[in-house]
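By convention in this document, chain letters (A, B, ...) are assigned in the order of the sequence lines, proteins followed by strands, and residues within each chain are numbered from 1.
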Amino acid sequence: MLRLDKVSLSYGSFRALHDVSIHADEGELVVLLGSNGAGKSSIFLTMSGLQRAASGSIRFGARELVGRKPSQIVADGLVHCPEGRKLFPGMSVLKNLTLGAYVHRRDSRGVARTLDEVFGLFPILHEKKDVPAGSLSGGQQQMAAIGRALMGRPKALLLDEPSLGLAPLVVKQMFDIIARINRAGTTVLLAEQNAYAALNIASRAYVIEQGRIVLEGGRDELLNNAQVRKAYIGA
Amino acid sequence: MLEITSLTKRFGGLTAVNDVSASCARGTINAIIGPNGAGKTTFFNLISGAIRPTSGRILFDGEDVTGLRADQAARLGMARTFQTTALFDTATVLDNLIVGHRLRTRATLVDVILGTKRLRDEERICREKARAALDFVGLAHIESRVAGDISQEERKRVAFALALCTDPKLVLLDEPAGGVNPEETEGLARLIRKMAASGLTVCLIEHKMDMIMNLADRILVLNYGEKIAEGTPAEIRANPAVIEAYLGSEHA
Amino acid sequence: MELFLQQVLNGLTLGGVYALVALGLTLVYGILHVPNFAHGAFYMAGAYSAFFLINRLGLNYWWGMLGAAVTVALISVLSERLVFHPLRKAPYLHHMIASIGILLFLEAGAQALWGADFHRMETPYTQLLTFGSLTLPAQRLLIIGAAFLLVVLLQLFLTKTITGATIVAMAQNREGAALVGIDANRVAMLTFAIAGALAGMAAVLYAPINLVYTSMGHLVITKAFVIIVLGGMGSVPGAIAGGLIIGFAEAFGAFYISTDYKDIIAFALLVLILSVRPQGLFARGAH
Amino acid sequence: QEVIKIGFSGPLSGGAALYGKNVLSGMQMAAAEINAKPLQIGGKAYKLEIVALDDKYNPSETGINVQRLVQQHKTAAVLVPHSGGIFAVQAFNEKSKVLLLAYTSLPQATERGNTLTVRLPPDFTGYIGPFTKAMMAKHGKNVALAAADHDYAKAWAAAFKPAWEAAGGKVVAENPMSYNKATDFYSGVSRVIQAKPDVLFIGGASEPTALVAKQARELGFKGGFIIIDQAKIDEMAKVVGGLAPLEGSVGVMPVSGDDRPEPAAFTARYRKANPGKDPSSEISINYSAVHATVAAMKLAGTVSDAAAIRAKMGEAFKTLPPEHNPNDIEGLDSKGGTVANTIIGIVEGGKIKGQFLRAMNTVK
Amino acid sequence: MKMFNPTAGWTLLLALALAFPFMAGNDYHLTVMSTAYIYAIATVGLNLITGYTGQFNLAHSGFMAVGAYTVGILTVDHGFPFWAALPLAGLVAAVLGVFVGLVSLRLKTHFFSIFTLCVGYIMFLLIEKWESLTHGTVGIVGIPAPEPFAGLDFSEPRALYYLVLGFLVASLWVMHRIVRSLLGRTFMAIRNSDDLAQALGIDLMRNKLLAFVLSVFFAGLAGGLYAGSVRFLGPGIAGVEHTFDMTMYMLVGGIGTLLGPLLGAIGVPWLTQYLQFLQEYRFVVFGPLLVLLVIFLPHGIVGTWLNRRRRQAAKAAPAPAPAPAPAPVQEVRHA
Ligand SMILES: Nc1ncnc2c1ncn2[C@@H]1O[C@H](COP(=O)(O)OP(=O)(O)OP(=O)(O)O)[C@@H](O)[C@H]1O
Ligand SMILES: Nc1ncnc2c1ncn2[C@@H]1O[C@H](COP(=O)(O)OP(=O)(O)OP(=O)(O)O)[C@@H](O)[C@H]1O
Ligand SMILES: [Mg+2]
Ligand SMILES: [Mg+2]
């Protein structure tokens, strides 16, 4: 349902992505592994339209995404939960979540239902719903960011390093939640440094280095790959 | 070395750090862990003088430093790094580091205008310090690269070097390995050990348990601003309160 | 007592106009962090467009105001598209200088089109209403009423409608807004349009009791900056409170202290307040 | 045929642009008239050109502009219509040998002994006695001062106050206001009205002065206005909607309201050249200044020797044909200021009635 | 790749400046140039606080006016010689700067700018209203030219030109020393991030205040020279539009560089002189020109040039030694 074909991206004269081709089928949870600066976030940014691919095509379902505006892409059902959260810090958590459903704003009944689901996943958000998002701690903010993304009722969800800066217990919860979201039918693309935990819930994975896909394979295969273990799992 | 008694910080109604006492011995590595929002960064900010405590006392090397400004604390020998380091991206790595030793120099405007020997000597010393620090963190080869072009891990190391340039006795590292892959994390851990071995006292906040458990001499656990445990890694690993609040059963 | 009430009325009049101008400024500031020094020129442009529509084309006052609101909204949106949008990643000094470029252009443009003369704008509300010994020119009452109506409408729009919330969201995180499907460009344009329309309407409300001339915006823009700092940048209630504070300070200062020094009063007030409260009067933590 | 150039440096952009352009339009009208006939000086045929540079009211730019006019355009005379610029030019005009036509009423412009300066507007102090007498007789002894706060208006107020008191009057309130910077005059005006004056002393640029008068009426003031000569009654009338609100006031007679034949003819010519506009004294005096300068050049037989031209300026004004001298300037005093038999205007029964200043002064 | 040698460049500029009066041979050109130099001195000062330390000061022309009025009042009302008054111009501005700085520098970013905007406005209004001291709106008339010195008569444009040039060269030299020294690095560290700077033991207030006071000292000095060259002072000199002008010079030339503000301060006045023929339409052209410049040359002329040079240097330099990276996973393999 989601397919990148030979996508390239440049920041000025610097080429961050070279002919990246990846895909995710409906209902899959696909992990992107790569060290810092490998280009994981760049892939997501081109998908969500915040960066424009220099060449290549991105298909989502039957639709070509290159050239579409970020707002249209969200409406198409591809939602990006970015690195660094990008919440609205001065607004209440509730308002942040409501705005997450911006593209569905005419369906207030549906929005209320999704909101209940999100509060079910993240009870802490319900507890803090009237607090400005900016005064949440790092982990709570990450939950709010994922919650906000879910409010867009994505068909496919792009999660960029959701475990960054989170406590181990929370990281574990986070991966549980991601797995649950995926099981409920949402296709998930997950960029992670935390390869072990990510691979554990993944169906397939890609390894990116310096803007190129250098390896791809099924979960177990990569978990057992010596190079991957050395480079990303550290064991 | 560092002696903290009943440190408390309130933001409006929220008590971010609540009556925490702790101490660090010279040359040791001390880790602070705790769930998100536990008050770890706030705790660091209090020690380093970035914010003033509501109450409590901080003794550093026998001196009362409670309520000092960050720059005063730095002059006494406290250095810290930030989660994200703002480097001057269009200058070289070395140029970024030279100012790190500024606090130990005395050159005034008069020296600058007259171009006195003192100024020249001090500028040389700052440069040497910067080189030595770069060498210490293993980046001597990139000194003339433009800071904007270096990798994330190199940035972390440059941040360490910058802290080292201040001639500190104590370094406070806020998530030094955040956003760095396991291989690189291992390298940073070695570097932190090397810092401690050279006589520095290290305090760090980190979420990467494997790293902490191998690295730290002592661990302090915060939860909701309160200290819930303190001890060696082995003690912490076995502490039920910590497992409950933070680690989860998997790490036990 | 009567003189006191006269000054209250006067403070409300000034405060209302200042608040309208400051509101546009604070919105634009909140969203794009653009210190738009050209905002005073937008105000001037509003007065000239209405003057042209009313005195030259013979439209009535309200159509003139509508025309001015639309024209200035257009100018404002064009500035966003042509100048501030390309500069969105630049530091704020660049915005400042670019907005001065726009200001110079608009003022010189107005002079080229309409000459340097002072103009009078006509209003149908020239009556003097008397309440006891208090005389109230109808236009001044109109200013007060209209200004506060506009302020309330704006506040409702921002807090109660989703479109309004998108403006606030953009102000807080542009990228985040894009990621939930808000079209950042549209919101930026919408904000500039609202800011322009408010400035235009403020000018048309106020011009009949003053004059229309090319540098008329200078008078209000500096004060508008003072107001948005006092009230907290990006804060709507703050802009209103700030506007009233300055309006009253001027009215009472001019009456009870000295007309000569009344402008110093406003600026000294800011200096004083910021010295004691560096975040402004109404800033609540992070925003 | 050669070209003589007379320079102008004044505000052509920014807040004071209207003023600068008015001055310039008077100069240009004179130049057009001069060029319409053959111009012979010292046996050679010439054409006159006005070279105008914008200085945004900034004295240092005036200095630069005048240097430029002298060096690049070889102008023997430059006209500057603001005191700051005039003072800046006086630092070097004698050395640069350029005649400074100073359009400012400030006495300092000629009091400092600059030998190449001519002050164009007649001395304002002549108005004070007649204004005082007329208003005190008509309305009463209590005056409130509420004129503008710039240099000229302040000089006016400073000269007026002792004269009013000497005539047995009382100053009940004093509140100069920033006419060109204030957003609103209501508070300032109500402050002076509160002192219950019979007469209000106002004036600055015409349009804001009109607003002050209008707001004073709105606040219930019934007395008369003494309007300083910078404001023109006819221009004020356009803003306040006719002469009725100005009933019982005194000011200088507007050129366009002056029905003697020469001013009337001048007004007609100006209106023809500038449809929809009335000439003010800014326009008519500077118009005469250009005519007088060219006449002085003819008398001196030189177009470049500033000292020689300056020496003939007095005579030039004296011998100016009446149609070129709508303000009836009679010559120069010893310091280089113009002397004129101006007429003042009193608003009575919805009309401006003229009265000769000299006649009024001598009666006293 | 051959590099442009900065020392040679500066020497060439100095030579050109020294030769200018002989090439121009025209008082008008000299006056434009001297006035530009005076504003260049003030702009170079502004660049220290705004460009190098990152605090956007909008009261600069107010301080310039304070310097100018110091000279004006002392020479005209108190009979001081110009040469005694001139150093006081810088000093008075600096002392005032200490007070303003102590309050304003506690504020950050826009708050600091708007605060100083208001301070500048208050200075303007005080000059305009405090008649007993400043002569109010009439201004200070008849300021003497600097007294002759070494046989130079400074009422002559040429001598005045060299006088101002001398001060400009001295200012640039001092500024050069400052920004290349530890002190300059300290200022730039603050601009870069004040939290980090403070954590490095830099006393923010002290250093910002030093930069601010130095910066307004230059403004005061420039004001003093202005008084001696224009020889008339009105309140208008304190107007905030002059600060905007100087900010514009800085930006056009290249903010945070040594040469940029100088080029801007000289180039922009010449440009407006050449646009004089447009008269009142001048700003219809100039406004958009300014906008285009800010959009397309955001680092100014010098900044753009320096960046280009830096990029070329980076290309020319040998590729950096590969860092010990994780063993690269070689080819793409399919599962
Ligand atoms: N806006 C930008 N301008 C210039 N270069 C950029 C920009 N964003 C990213 N890059 C560069 O592109 C490369 C890929 O960056 P990207 O953020 O996609 O990596 P990543 O794999 O997400 O890394 P991380 O683990 O740090 O998030 C890096 O070298 C980075 O420096
Ligand atoms: N300046 C502030 N004003 C108000 N509340 C604050 C402020 N700084 C921190 N807090 C609150 O104090 C609590 C502790 O925050 P702190 O940043 O110290 O947590 P932390 O342990 O570093 O968390 P994380 O691991 O997520 O970074 C949080 O609830 C946070 O919202
Ligand atoms: Mg990333
Ligand atoms: Mg933290």
Please classify the contact of [X] with chain E as side chain, backbone, both or neither, using a heavy-atom distance under 4.5 Å.
X: D:R68; answer: both
X: D:I64; answer: both
X: D:N65; answer: side chain
X: D:A88; answer: both

Exercise for the section: Look at the side chain of E:N47 and the backbone N and O of E:T43, then say whether any donor-acceptor pair between them is shorter than 3.5 Å. Expected result: no
Practice task
Verify, without hydrogens or angle tests, whether E:T243 (side chain) and E:S61 (backbone) share a donor-acceptor contact under 3.5 angstrom.
Solution key: yes
Problem - Heavy-atom pairs under 4.5 Å with chain D, option from E:G234, E:G239, E:G142 with the top count - result: E:G142
Practice task
Heavy atoms only, distances under 4.5 angstrom: which of E:S155, E:G236, E:G136 has the most pairs with chain D? Name it, please.
Solution key: E:S155
Handout entry: Note, E:Y37 side chain near E:L165 side chain (heavy atom, < 4.5 Å)
Key = yes
Exercise for the section: Look at the aromatic rings of D:F201 and D:F160 and report parallel, tilted or perpendicular, splitting at 30° and 60°. Expected result: parallel
Fill in the blank from the handout: Cut-off 4.5 Å, heavy atoms of chain D, and the answer for E:H242 is side chain
Exercise for the section: Select one option (side chain, backbone, both, neither) describing which atoms of E:Q273 are under 4.5 Å from chain D's heavy atoms. Expected result: both
Exercise for the section: Select, from D:K95, D:Q71, D:E61, D:K56, the one with the greatest count of heavy-atom pairs under 4.5 Å involving chain E. Expected result: D:Q71
Fill in the blank from the handout: So NE2 of D:H82 and CG of D:D151: to nearest 0.5 Å the spacing works out to 11.0 Å
Exercise for the section: Could you please spell out the steps behind the side chain to side chain donor-acceptor pair (under 3.5 Å) verdict for D:W156 and D:Y152? Expected result: CA-CA 6 Å; D:W156 242 101; D:Y152 182 47; 3.2 Å; yes
Practice task
Identify whether the distance between the nearest side-chain nitrogen and carboxylate oxygen of D:D149 and E:K129 falls below 4.0 Å.
Solution key: yes
